[in-house]
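Written below as structure tokens is the structure these notes are about.
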Amino acid sequence: MSSPHSFLDISVVYLKGIGQSRAEALQTELAIFTYKDMLTHYPFRYVDKTQFQTVREVTEESVYYQLRGQIIDIQFVGEKRTKRLTAKFKDASGIIELVWFQGAKWMAEKLKSNTEYIIYGKPTSFMGRFNMPHPDIEVVTPGLLASQSSFQSVYNSTEKLKYKNLDSEGIRKTLRALVSQLTEQNIPETLTQTIIDDFKLISKPDAYRQVHFPDSKLLLDKARYRLKFEELFFVQLKLLRSNHLRHSESVGFVFNKVGDIFNDFYTKYLPFQLTGAQKRVVKEIRVDMGSGKQMSRLVQGDVGSGKTLVALLCMLLACDNGFQSCLMAPTEILAKQHYETISNLVEPLGLKVTLLTGSTKTKARRELHSELESGEINILIGTHALIEDVVIFKNLGLVVIDEQHRFGVEQRAKMHKKNTQPPHILIMTATPIPRTLAMTLYGDLDTSVIDELPPGRKPITTMHFMESQRLRLIGFMKSEIALGRQIYMVYPLIQESEKMDFQNLQAGYDALLNDFPQPQYQISIVHGKLTSRQKEFEMQRFIKNETQIMVATTVIEVGVNIPNASVMIIESAERFGLSQLHQLRGRVGRGAEKSYCILMTSYKLGADSKLRMETMVRTNDGFEISEVDLKLRGPGDLDGTQQSGVLDLKIADLAQDGQILQLARSAAQAILNEDPVLQSPENQLLFNHLQNQHHSRHYWSKIG
Ligand code: ADP
Ligand code: MG
């Protein structure tokens with residue numbers, strides 16, 4: 001469809017009202033180069049021109065209001081850095097102040113008194129009065145209210161574009177001109193007739209028309225549905241196709257033997273019965289590794305679901321089949337912990353397990369390298385250090401990557417090169433991710449879910465305390481310590497200011513020393529300024545139960561396993577994201593004791609922080625939490641999404657469009673089942689579209 005001279009590829013320079021200078025601004029500001037880019041600069045919302053609230057109804061912060069009235073009293077206030085533009089907005093019910101901190105000068109020129117405006121924005125309250133910073137603002141044009149459609153599109157713009165008269169209104173005008181040129185010929189269909197019929201989709205040109213200039217709510221919904229479906233469909237088609245290609249083309253080591261090592265361990269040394277979910281996942285992995293294809297499998301499981309044991313069993317299978325394996329963890333503490341757990345477990349089997357991290361000494365390293373190359377080492381555990389080129393295996397068969405989101409795609413690729421043919425790869429995620437996101441982020445991997453916790457886990461009770469309840473907190477800590485329990489106390493790590501973090505932590509620690517005097521109480525402290533030896537020393541004291549409280553920054557976030565620690569206190573909990581809070585909470589509840597997580601926050605919480613605390617108190621279910629997280633933050637801020645194509649979605653929203661995604665994925669799957677390489681005449685259309693997407697300018701600009 002996008003042959004070089006197609007309509008969609010025409011430069012926006014040729015659009016009515018867009019000359020060289022505006023075209024350049026569109027390119028640099030919004031990456032809009034072509035007609036297609038322009039058409040896919042979708043409205044970010046629609047104004048229903050018939051629905052208004054009144055100034056008097058403004059009673060809440062951070063909620064959008066749409067008001068209709070006049071502007072009076074426009075003036076600049078403040079000096080230099082605090083200089084801002086204010087205006088009073090008046091309707092029949094009252095007056096609210098509008099404020100502009102940026103673009104004030106331009107706004108001042110544009111605003112007219114005694115003109116009817118529609119404004120839209122989120123109020124904030126200051127000294128008990130509401131004002132509305134940076135509202136969207138638009139003149140009520142006569143006739144507009146009477147026009148048949150009450151929905152008007154609103155577009156993202158930038159300060160620079162506004163100066164060139166390409167604010168939302170300007171962009172809408174430009175699009176009006178462009179949309180009027182659309183025909184069935186210059187906007188060829190991208191989906192097959194079968195899909196269009198099956199899902200009752202409207203045509204592509206209609207979808208473009210209606211999404212920008214809806215004739216009715218119904219048609220707008222249909223347009224958005226069509227465009228979202230198409231977008232998600234092609235993402236899924238691409239992922240599923242590459243998964244299919246991997247299955248059909250890749251060659252992998254065959255682990256077909258379940259030998260003595262695995263059997264011995266399983267029958268004699270397994271410390272507990274596997275959960276049903278662990279068994280199922282191990283089986284899925286075994287099938288993969290025996291298939292003759294290279295495995296790329298993702299294991300998702302909530303904190304504490306027992307991923308380590310699953311990984312170990314798979315590594316034992318590698319041993320049985322004459323291969324080495326390695327396990328990579330994101331931090332040194334975690335690598336060390338894995339090393340200890342695993343070497344203890346396999347001790348009776350006579351396997352050689354070795355640890356390699358950044359602080360492994362040169363001499364030990366040399367020895368390790370030669371033992372690795374001779375095949376003496378069966379299992380290597382470590383950090384990023386494993387990836388280095390000097391680390392050469394005799395015969396690496398399986399790579400386990402724990403807590404995947406901290407490793408990039410390139411690092412995964414580097415592990416592929418550690419043997420003559422790529423080893424099997426098992427990725428274990430730290431936190432559950434929403435299904436929609438998983439399908440898109442890891443849509444090209446096979447996935448397993450450990451959806452069951454080991455038996456006997458008592459649910460963790462989570463409480464939210466305000467600063468005023470600190471005395472109660474200290475009393476609670478003392479009573480838990482008296483019962484023989486240990487306590488984590490975690491401080492947030494704010495990247496911008498390491499110094500401040502440290503001060504916070506240190507102040508907290510000092511206060512704690514007052515409340516918990518030595519020698520009756522002992523406190524460990526771990527933070528980024530310590531050397532890894534010092535950290536290790538402090539960790540060990542806590543592990544050996546010589547200290548009752550562990551004060552730490554988030555270094556303990558992932559993986560650490562100390563069953564006797566049954567209380568997790570999170571300071572300034574409002575500064576943490578939901579998945580982090582859930583991870584931290586997962587550090588407790590690992591032993592037989594009743595466990596607690598206490599979220600400490602200041603008095604004043606924003607709506608989002610409140611929702612995060614409430615969610616944590618309400619549920620222990622990682623999947624549920626990840627859904628809320630996605631809704632709050634959008635996919636852009638979630639771990640791992642930065643390197644994926646998720647962020648290129650222009651209209652679909654993974655937090656909202658799960659159902660459409662599911663349909664689109666099934667549709668893509670059904671097509672590939674029938675026609676795996678997309679060679680039927682009907683599917684040519686789809687094949688070409690995939691190829692074109694691949695070579696689009698966006699793609700290249702990203703590589704560059
Ligand atoms: P995660 O999935 O968070 O990495 P771990 O592998 O660290 O979880 O396991 C958490 C804890 O549960 C460990 O103490 C581990 O020994 C224990 N565990 C794992 N599997 C089982 C099981 N089937 N029954 C009982 N305890 C188990
Ligand atoms: Mg783990």
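Indexing begins at 1, ligand by ligand and atom by atom, following the structure's order.
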- Consider only side-chain N and O atoms of Asp288 and His424, and report whether a donor and an acceptor are under 3.5 Å apart. no
- Is there a donor in the side chain of Glu284 and an acceptor in the side chain of Ser448, or the other way round, less than 3.5 Å apart? yes
- Task: Give yes or no for whether the N/O distance cutoff of 3.5 Å, strictly under, is met between Pro454 and ligand 1.
- Result: no
- Which of the atoms in ligand 1, numbered in the order shown and given with their element, are less than 4.0 Å from a heavy-atom of Arg590? 3 (O), 7 (O), 10 (C)
- State the atoms of ligand 1, each with its element, that fall below the 4.0 Å cut-off from a heavy-atom position in Val303. 3 (O)
- Quick note on ligand 1: atoms under 4.0 Å from a heavy atom of Thr275 include exactly 23 (N)
- Query: Leu313 versus Gln278: any side-chain heavy-atom pair under 4.5 Å?
  - Reply: no
- Item | Main-chain N/O of Phe253 paired to Lys293 side chain as donor or acceptor, under 3.5 Å | no
- Message: Does the residue Gly301 have a heavy-atom contact with ligand 1, meaning some pair of atoms that are separated by less than 4.0 Å?
- Response: no
- Looking at Tyr596, is Lys594 sitting on its ring face, NZ or CZ under 6.0 Å from the six-membered ring centre and within 45 degrees of the normal? yes
- Message: So for ligand 1, is Gly306 a polar contact partner (N or O within less than 3.5 Å, distance only)?
- Response: yes
- Under 4.0 Å from any heavy atom of Leu274, which atoms of ligand 1 are there? 23 (N)
- Message: I'd like to know if the side chain of Thr601 reaches the main chain of Met466, judged simply by a donor and an acceptor atom lying under 3.5 Å from each other, with no hydrogens or angles considered.
- Response: no
- Mind checking whether Gln273 contacts ligand 1 via backbone (N, CA, C, O), side chain (CB onward), both or neither, at a 4.0 Å heavy-atom cut-off? backbone
- Message: Under 4.0 Å, heavy-atom basis, I'd like to know which part of Thr308 is in contact with ligand 1: side chain, backbone, both or neither.
- Response: both
- Numbering the atoms of ligand 1 from 1, which are under 4.0 Å from a heavy atom of Ser305? 2 (O), 8 (O)
- Item | Flag side-chain contact, heavy atom, 4.5 Å: Ile570 against Cys597 | yes
